[in-house]
Amino acid sequence: MTYVVLLAALLPVAILLFYIYKKDKFCPEPTAQLEKAFVFGVLSVPLSLCVSVPLHLLGLVTYNYATITECIGSAFLGAAIPEESAKLFMLWLFLRKNKFYDEKVDGIVYAVCISLGFAALENIIYIFGNLDTFVWISFLRALFAVPGHFCFGIMMGYYYSLAKFYPQSRTTNKILILAAPIFAHGVYDSILFVISSEISALLSFILMIVFLVLCNKTWKLANRKINEHLERDRETLQEQSEYNIVENCDYNGLQEQPECSIEENGDCNENLNPKN
């Protein structure tokens, strides 16, 4: 029984980890680095509780929603702000001296690994706390909560890389590193909290439709952000290849690229190994 519950909690996380790993086409990150980032994400759970629990004890966060204002306040103060702040701190701690962080898409990959580490432990806690209905809870969280954390991680990593690689707009991007995932997470939870509060049956029905549309658009937006950074990395690799300075990369996925560069003496310089 325990193994079945663990599988239900971790399978959606594993699927999305594999998904983001396969998206990193040009210079895939070392597996050990991805595993380390995942552990950092797990550790971000107790870190977030260090913020949300005191807020609850101070009465700033309630889990017995009676009004829409309480739903929104609890969504942001009790979940979005502490959770995304904890994940960002762990991302900064992980990347600040990381020599493998050399592509724009790497910021997304590592942010997603941290976000899914958070989602994995959160999933285990929720599902083991609702064993009587764990099948239904597992299904709902696999369909919405885990992909939600995945998308929030993409937003964070997207702007993290923009701030690192494009200093001309660093201030704006630094703000969006945290503001974008907090806003998306807060809106996501606010809608769910209002629906679960049963304040109004009609309002809950309308918000459920809005929620499904929002999830679909967020997923498409997140994948668009991945592709944008992949395209930027492809252009960078193409520019570097013209000067024969590409190192530690694999050209798999690059379009219209030679398999090697020709030096002046006519020899083929094969310098296309993946990261190790």
Side-chain angles (χ1 to χ4, degrees), residues 20 23-24 26-27 29 33-34 36-38 40-41 43-45 47-48 50-52 54-55 60 72-73 75-119 148-190 214 217-240 245:
I20 195 63
K23 279 286 188 178
D24 190 4
F26 307 135
C27 301
E29 303 309 294
Q33 289 294 306
L34 302 180
K36 184 179 178 182
F38 184 84
F40 271 52
L43 295 176
S44 68
V45 174
L47 183 61
S48 72
C50 290
V51 178
S52 60
L55 290 176
L60 298 176
I72 296 174
F76 279 89
L77 294 176
I81 292 175
E83 291 179 13
E84 299 306 324
S85 297
K87 286 188 278 187
L88 177 56
F89 176 75
M90 285 299 184
L91 181 64
W92 170 81
L93 202 63
F94 181 80
L95 291 180
R96 62 194 181 104
K97 295 182 179 180
N98 194 316
K99 65 180 182 179
F100 297 102
Y101 182 24
D102 52 7
E103 291 181 297
K104 289 88 177 176
V105 79
D106 293 351
I108 290 178
V109 172
Y110 287 126
V112 166
C113 286
I114 287 175
S115 200
L116 289 177
F118 185 101
H149 281 291
F150 175 83
C151 292
F152 306 150
I154 289 173
M155 294 177 191
M156 184 178 291
Y158 176 83
Y159 289 108
Y160 201 101
S161 285
L162 287 182
K164 173 181 171 64
F165 292 99
Y166 299 97
Q168 65 271 21
S169 56
R170 181 168 291 170
T171 301
T172 300
N173 289 321
K174 278 186 174 181
I175 294 172
L176 289 172
I177 291 171
L178 188 58
I182 282 180
F183 177 76
H185 194 159
V187 171
Y188 172 96
D189 278 353
S190 293
L214 180 65
K217 288 187 175 296
T218 301
W219 177 262
K220 290 180 178 179
L221 173 65
N223 278 276
R224 199 155 61 240
K225 296 300 184 185
I226 296 174
N227 292 331
E228 285 178 15
H229 273 349
L230 284 173
E231 177 62 21
R232 291 184 178 106
D233 288 333
R234 185 185 67 80
E235 291 173 356
T236 299
L237 288 173
Q238 285 181 329
E239 292 172 1
Q240 291 176 344
I245 58 174

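Computation of the quantities below employed the complete heavy-atom set of this structure, encompassing side-chain atoms and omitting hydrogens, waters and symmetry-equivalent molecules. Source: prediction; values computed, not measured.
- The NZ atom of Lys87 sits 10.5 Å away from the CG atom of Leu178 when rounded to the nearest 0.5 Å.
- With a 6.0 Å cutoff to the six-membered ring centre and a 45° limit on the axis angle, Lys164 counts as a cation-pi contact of Tyr101.
- Of all non-hydrogen atoms in Ile114 and Ala37, the two that sit nearest each other are CG1-O, 3.2 Å.
- The backbone N or O of Pro82 sits nowhere less than 3.5 Å from a side-chain atom of Ser85 that would complete a donor-acceptor pair.
- Between Tyr160 and Trp92, a ring centre-to-centre spacing not shorter than 6.0 Å is recorded.
- Separation of atoms CG (Asn223) and CD1 (Ile226) is listed at 5.0 Å; rounding is to 0.5 Å.
- Closest non-hydrogen pair, Asn98 versus Gln33, comes out as ND2-OE1, 2.9 Å.
- In terms of heavy atoms, His149 sits closest to Ser115 at O-OG, 2.6 Å.
- Atom CG of residue Asp233 and atom CG of residue Asp106 lie 7.0 Å apart, to the nearest 0.5 angstrom.
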Give the intermediate values and the outcome of side chain to side chain contact (heavy atoms under 4.5 Å, CB included) for residues Val109 and His229. CA-CA 11 Å; Val109 172; His229 273 349; over 6 Å; no
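- Asp189 and His185 share a side-chain donor-acceptor pair at under 3.5 Å.
- Note that CD1 of Ile154 and CZ of Arg224 are 11.5 Å apart. Values are rounded to the nearest 0.5 Å.
- Across all non-hydrogen atoms, the minimal contact from Gly186 to Ala80 is N-CB, 3.5 Å.
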Is there a side chain to side chain contact (heavy atoms under 4.5 Å, CB included) between Ser44 and Phe89 once you walk through the steps? CA-CA 8 Å; Ser44 68; Phe89 176 75; over 6 Å; no
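- Neither side chain, Thr172 nor Tyr159, offers a donor N or O lying under 3.5 Å from an acceptor on the other.
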Take Ile20 and Ile108, measure what side chain to side chain contact (heavy atoms under 4.5 Å, CB included) needs, and give me the verdict at the end. CA-CA 9 Å; Ile20 195 63; Ile108 290 178; 4.1 Å; yes
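- Of all non-hydrogen atoms in Ile72 and Ser190, the two that sit nearest each other are CA-OG, 3.6 Å.
- Going from atom CD of Glu83 over to atom CZ of Phe118 covers 3.5 Å, rounded to the nearest 0.5 Å.
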Decide salt bridge (charged side-chain N to carboxylate O under 4.0 Å, His left out) for Arg234 and Glu231; before the verdict, give the C-alpha distance in whole Å, the side-chain angles of both, and the deciding distance to 0.1 Å. CA-CA 5 Å; Arg234 185 185 67 80; Glu231 177 62 21; 2.4 Å; yes
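- Shown here for Glu103 and Phe165, the closest heavy-atom pair between the two residues is O-CE1, 3.6 Å.
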Assess the residue pair Leu47 and Leu43 against the criterion (side chain to side chain contact (heavy atoms under 4.5 Å, CB included)); give the C-alpha distance rounded to whole Å, side-chain angles, the decisive distance to 0.1 Å, and a yes or no. CA-CA 7 Å; Leu47 183 61; Leu43 295 176; over 6 Å; no
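- In this structure, Ile182 CD1 and Met155 CE are separated by 12.5 Å, a value rounded to the nearest 0.5 Å.
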